[in-house]
Amino acid sequence: MDKHVLSVVVKNYSGVLSRVAGLFSRRGYNIDSLTVGRTENPELSRMTITMNGDSDIVEQVKNQLAKLEDVRKVIELDPDSSVYRELVLIKVNADVNQRAAINEIVKIFRCKVIDISMETLTIELTGDESKVAALIKLMEDYGIKEIVRTGLTALERGEKDISSHSEYFET
């Protein structure tokens with residue numbers, strides 16, 4: 001099964017997230033990650049939904065989403081012409097002897113230490129899934145205390161935007 005990223009514009013009302021998630025659960029489909037936030041229009045929100053499935057399943061999900069009253073637009077993002085990013089915060093064990101080595105890794109990954117205590121460092125990284133996974137793997141050697149991830153968020157590259165797609169658009 002392939003990974004697919006859907007970009008969904010919805011009305012910015014309470015209950016919309018629940019209706020979209022309910023559509024997935026009623027049909028037995030799993031959402032790998034889901035991010036939601038207001039758009040440039042405060043009446044609309046954008047959902048980025050990551051899921052696994054074959055093209056038939058994804059097409060069925062897109063069609064079902066388009067039937068929901070609160071959904072304004074649904075597109076599948078092409079990984080070759082889109083920018084994918086995720087934010088991760090990692091709290092890692094870091095005594096005085098480990099800090100220099102961890103700071104070198106932080107520099108290499110172009111991330112930053114956003115909190116420090118006597119026993120831990122908290123690192124912030126924004127990047128694609130492979131960069132996030134690589135940093136997590138390296139930090140495992142120091143002892144990860146906590147991780148929190150935002151899930152994938154994405155936009156198409158260049159001048160193209162979601163309003164340039166005609167499918168499922170409600171005017």
Side-chain angles (χ1 to χ4, degrees), residues 1-91 109-112 114 122-137 139 144 146-171:
M1 289 205 276
D2 296 324
K3 177 176 150 183
H4 299 271
V5 179
L6 302 178
S7 189
V8 184
V9 177
V10 297
K11 293 178 184 174
N12 188 16
Y13 299 131
S14 62
V16 174
L17 175 60
S18 177
R19 285 187 282 284
V20 168
L23 181 144
F24 278 80
S25 66
R26 281 190 306 276
R27 284 157 182 76
Y29 301 137
N30 187 46
I31 296 173
D32 291 332
S33 77
L34 171 68
T35 60
V36 185
R38 248 187 341 246
T39 66
E40 64 285 353
N41 178 346
E43 294 179 4
L44 300 174
S45 289
R46 167 90 59 103
M47 295 182 173
T48 304
I49 302 170
T50 306
M51 62 177 289
N52 285 312
D54 62 30
S55 57
D56 291 338
I57 289 172
V58 174
E59 200 57 39
Q60 182 180 11
V61 168
K62 286 168 45 180
N63 289 331
Q64 294 298 315
L65 284 169
K67 291 178 184 178
L68 294 177
E69 182 179 327
D70 298 318
V71 173
R72 306 286 285 198
K73 190 160 212 160
V74 179
I75 64 167
E76 183 175 357
L77 295 175
D78 177 3
D80 294 331
S81 60
S82 301
V83 178
Y84 295 170
R85 291 293 180 267
E86 181 177 2
L87 169 69
V88 64
L89 302 176
I90 305 170
K91 186 180 290 186
F109 277 81
R110 295 185 183 149
C111 49
K112 54 186 162 178
I114 58 169
T122 301
I123 301 165
E124 173 187 338
L125 171 67
T126 303
D128 63 25
E129 194 173 20
S130 64
K131 186 175 182 179
V132 170
L135 179 64
I136 290 170
K137 180 126 179 79
M139 290 300 114
I144 295 173
E146 275 186 294
I147 294 179
V148 63
R149 297 171 78 159
T150 60
L152 193 71
T153 191
L155 282 176
E156 289 182 289
R157 292 186 182 276
E159 295 177 12
K160 198 170 189 180
D161 63 63
I162 197 162
S163 65
S164 64
H165 295 270
S166 61
E167 62 269 15
Y168 310 133
F169 191 67
E170 178 185 311
T171 56

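Computed from a predicted model, the values in this text were never measured in an experiment.
Shown here for K62 and V74, the closest heavy-atom pair between the two residues is CG-CG1, 3.7 Å. Among all heavy-atom pairs drawn from G151 and S33, the shortest one is CA-CB, 3.8 Å. Minimum heavy-atom separation, V58 to G53: CG2-O, 4.3 Å. For the residue pair L87 and T126, the shortest heavy atom distance occurs at CD1-OG1, 3.6 Å. Between G127 and K131, the shortest heavy-atom contact is CA-CD, 4.3 Å. Shown here for I31 and A21, the closest heavy-atom pair between the two residues is CD1-CA, 4.4 Å.
With I147 as reference, I90 is the one residue of I90, V132, I123 to meet the side chain to side chain contact (heavy atoms under 4.5 Å, CB included) rule.
N12 contributes no side-chain N or O that, together with a main-chain N or O of S45, makes up a donor-acceptor pair within less than 3.5 Å. No donor-acceptor distance shorter than 3.5 angstrom exists from the side chain of H4 to the backbone of E76, with no hydrogens or angles considered. In this structure, the side chain of T39 does not engage the main chain of R46 through any donor-acceptor pair within 3.5 Å.
Looking at T50 and Y84, their side chains never come closer than 4.5 Å, going by heavy atoms from C-beta outward. You'll find the side chain of I57 reaches within 4.5 Å of the side chain of M51, heavy atoms only. K11 places a side-chain heavy atom less than 4.5 Å from the side chain of R72. Put simply, the side chain of V5 reaches to within 4.5 Å of the side chain of L152, judged on heavy atoms. The closest side-chain heavy-atom distance from I49 to V20 is below 4.5 Å.
Considering CG of L34 and CG of L6, their distance stands at 10.5 Å, rounded to 0.5 Å. Atom CD1 of I144 and atom CD1 of I136 lie 6.0 Å apart (nearest 0.5 Å). Between atom CG of residue L155 and atom CZ of residue R85 there is a gap of 10.5 Å, rounded to the nearest 0.5 Å. The distance from the CG atom of D70 to the CZ atom of R19 is 4.5 Å, given to the nearest 0.5 Å. To the nearest 0.5 Å, the span separating OG1 on T122 from CG on L89 amounts to 7.5 Å. One finds the CZ atom of F109 at 7.5 Å from the CE atom of M139 (value rounded to the nearest 0.5 Å).
Heavy-atom contacts from other residues, nucleotides or ligands closer than 6.0 Å to CZ of R38 number 12 or fewer. Remark: K112 NZ is loosely packed, at most 12 non-hydrogen atoms of other residues, nucleotides or ligands lying under 6.0 Å away. Atom CZ of R110 sits in a sparse spot, with 12 or fewer heavy atoms from other residues, nucleotides or ligands closer than 6.0 Å. Within 6.0 Å of atom CD in Q64, more than 12 heavy atoms from other residues, nucleotides or ligands are found, so the atom counts as buried in its surroundings.
Under the 3.5 Å distance criterion, with hydrogens and angles disregarded, a donor-acceptor pair is assigned to the side chains of D128 and S130.
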Checklist entry - Run the side chain to side chain contact (heavy atoms under 4.5 Å, CB included) check on V16 and M47 step by step: do they pass? => result CA-CA 10 Å; V16 174; M47 295 182 173; 4.2 Å; yes
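In terms of the salt bridge (charged side-chain N to carboxylate O under 4.0 Å, His left out) criterion, residue partners of R149 (sequence neighbours excluded) are, by chain and number, E86.
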